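Structure, as structure tokens:
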Amino acid sequence: MGSLERSPQTAFPSYKRARVDAAAPEDRLSDLPDYLLHEIIWRLGSWQAAQTSALSRRWRHVWRSAPCLHIDQRQFPGSDKPGSRQRARFEDFADGMLASFAGVTLPLCAFRLYLLDGRSTASSERWIRRGLKRRPTTVNIRSSYADHSGVVQWPPRHLNMAAVACRLTWLRLSGVTLRDGFGEQLGAQCPVLQVLRIDSCHHQCYCAIVSPTLKSLEVIFRTRYSNPVTLAIAAPRLAFLLLRIPFGGQGGNPVIAAPEHEALPSLVTASISISDRDCRPNKRANKTKLEFLRSMCGFLARISYVTNLRLEGFTPRRYTFYDLCDCVL
């Protein structure tokens, strides 16, 4: 009978052991496979992703192998002021983050850079070069700096774009300055690009979008501009087009054109919005306005294959009878 008796220690666990077990719960998050951990880090900025290394030993290097790199200046409040401590913290973080990936050869799925102050051109160009060297599939470069003197520029210099953009299929540029030849060399520099969005960027006087692979194009002109811009589109596979164009008022008026014998045969859906900044009714359009309106009429006549067309701002009541006659003549 003595062999059947249970010791008190075996029958009733001590309260001390129970307190220890409660204080160290099971780390189920670290037991997840790598692809799920990458999905979690995907939804974080690089600042928060780097902080996950303090969670556990498993998380220490997970963020380095994540397929995305997201540097966001908004995560450093006050860093938009040159010479501030927060500005120095942000620049040190961006330099350190990109330097930590120097030995990583795994290509990126996404590279995103959001800048509140683009006046530090040398730093931003260095960050873009290092991010592109990871051969990302999608790139999103945004600068909210209003003054376009010395802002972020695209494409970066001293970089073989055809090599680093060999996987790039989705590109969004917002608030950046487009270098001379950007559009003409688009097909050669981004050989597999399918989606391009240009939002409030600084254009040169002539910008031609030439790409044999592009399927979706969105161009949103800045509200304020000083020089007239001619935008020409040559993309035989383009299926979707969105244009947002302000005109009138002070400054140059953009002109939209399609190269000769290029009718965008694959274009199916187009959304074109024009906004006259001169709200005075019944005012005769000046010469530059008429040039813009003629270019729009000519462009619309070239996209005859479109089956889904949305137009905004083309109301006849905003222009006099003579203006409309001048556009069609």
Side-chain angles (χ1 to χ4, degrees), residues 67-71 98 101 104-115 118 121 124-143 151-221 229-244 256-259 262 264-270:
C68 63
L69 181 59
H70 183 192
I71 298 177
L98 290 165
F101 289 99
V104 180
T105 59
L106 182 68
L108 286 175
C109 291
F111 171 59
R112 300 189 293 266
L113 178 63
Y114 195 113
L115 298 176
T121 307
S124 61
E125 194 168 23
R126 180 175 66 252
W127 300 332
I128 294 174
R129 282 200 308 266
R130 291 182 178 179
L132 291 179
K133 287 182 179 180
R134 294 284 305 277
R135 306 187 307 280
T137 303
T138 66
V139 171
N140 188 350
I141 309 295
R142 301 184 63 185
S143 174
V151 297
V152 181
Q153 299 182 355
W154 181 276
R157 295 172 297 182
H158 313 304
L159 190 65
N160 185 355
M161 285 296 298
V164 298
C166 60
R167 302 174 63 249
L168 183 62
T169 60
W170 191 95
L171 174 62
R172 177 177 180 178
L173 303 173
S174 179
V176 308
T177 295
L178 304 179
R179 296 184 185 276
D180 289 337
F182 156 74
E184 292 88 340
Q185 302 173 12
L186 185 64
Q189 294 182 346
C190 305
V192 296
L193 186 66
Q194 298 183 12
V195 179
L196 173 63
R197 180 182 175 92
I198 302 174
D199 187 355
S200 303
C201 292
H202 177 71
H203 304 263
Q204 301 299 327
C205 295
Y206 180 80
C207 180
I209 304 297
V210 182
S211 172
T213 61
L214 196 64
K215 296 181 180 180
S216 176
L217 173 63
E218 300 181 21
V219 180
I220 301 175
F221 282 87
V229 177
T230 298
L231 174 65
I233 303 173
R237 297 186 181 180
L238 190 68
F240 175 80
L241 174 65
L242 183 145
L243 297 176
R244 296 288 182 266
I256 311 301
E262 179 57 64
L264 302 177
S266 302
L267 191 61
V268 176
T269 302

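On a predicted model such as this, the values are computed, not experimentally measured, just so you know.
A pairwise comparison of heavy atoms in G131 and L108 identifies O-CD1, 4.1 Å as the closest pair. Between T213 and C190, the closest heavy-atom pair is OG1-O, 4.3 Å. Listed here is the closest heavy atom pair of M161 and L132: SD-CD1, 4.1 Å. Between E125 and R157, the shortest heavy-atom contact is OE2-N, 2.8 Å. L113 and S124 make their closest contact through CD2-O, 4.4 Å (heavy atoms, listed as atom of the first residue, atom of the second, distance). Closest approach of W170 and L168 over heavy atoms only: O-CD1, 3.3 Å.
Side-chain contact between R197 and I220 is present, with at least one heavy-atom pair separated by less than 4.5 Å. Between F221 and I198 the shortest side-chain heavy-atom distance does not fall below 4.5 Å. The shortest side-chain heavy-atom distance between V176 and C201 falls under the 4.5 Å cut-off.
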Verdict with supporting geometry, R142 and R112, side chain to side chain contact (heavy atoms under 4.5 Å, CB included): CA-CA 8 Å; R142 301 184 63 185; R112 300 189 293 266; over 6 Å; no
Side chain to side chain contact (heavy atoms under 4.5 Å, CB included) evaluation trace for L98 with L69: CA-CA 9 Å; L98 290 165; L69 181 59; 3.2 Å; yes
Full working for side chain to side chain contact (heavy atoms under 4.5 Å, CB included) between K133 and L159: CA-CA 9 Å; K133 287 182 179 180; L159 190 65; 4.0 Å; yes
L243/V219 under side chain to side chain contact (heavy atoms under 4.5 Å, CB included): CA gap, chis, key distance, verdict: CA-CA 5 Å; L243 297 176; V219 180; 3.8 Å; yes
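Of the inter-residue distances, the one linking L241 atom CG with I209 atom CD1 reads 10.5 Å to the nearest 0.5 angstrom. Distance CZ/R134 to SG/C109: 10.0 Å, rounded to 0.5 Å. One distance of note links CD1 of I128 with CZ of F111; it measures 6.5 Å at 0.5 Å rounding. Note: Q153 CD to H202 NE2 = 9.0 Å, rounded to the nearest 0.5 Å. The line from CG of L193 to OG1 of T169 is 7.5 Å long, rounded to the nearest 0.5 Å. Note that CD1 of I71 is 8.5 Å distant from CG of L115, once rounded to the nearest 0.5 Å.
Within the structure, the salt bridge (Lys or Arg N to Asp or Glu O under 4.0 Å) test picks out no pair touching residues 183-194 (sequence neighbours left out).
With sequence neighbours excluded, no residue forms a side chain to side chain donor-acceptor pair (under 3.5 Å) with R135.
Atom CZ of R129 is surrounded by more than 12 heavy atoms from other residues, nucleotides or ligands within 6.0 Å.
Side chain of S266 to main chain of P236: a donor-acceptor pair is present (N/O by atom type, distance under 3.5 Å, no hydrogens or angles). For S216 (side chain) and Q194 (main-chain N/O), no donor-acceptor pair under 3.5 Å exists by modelled atom type.
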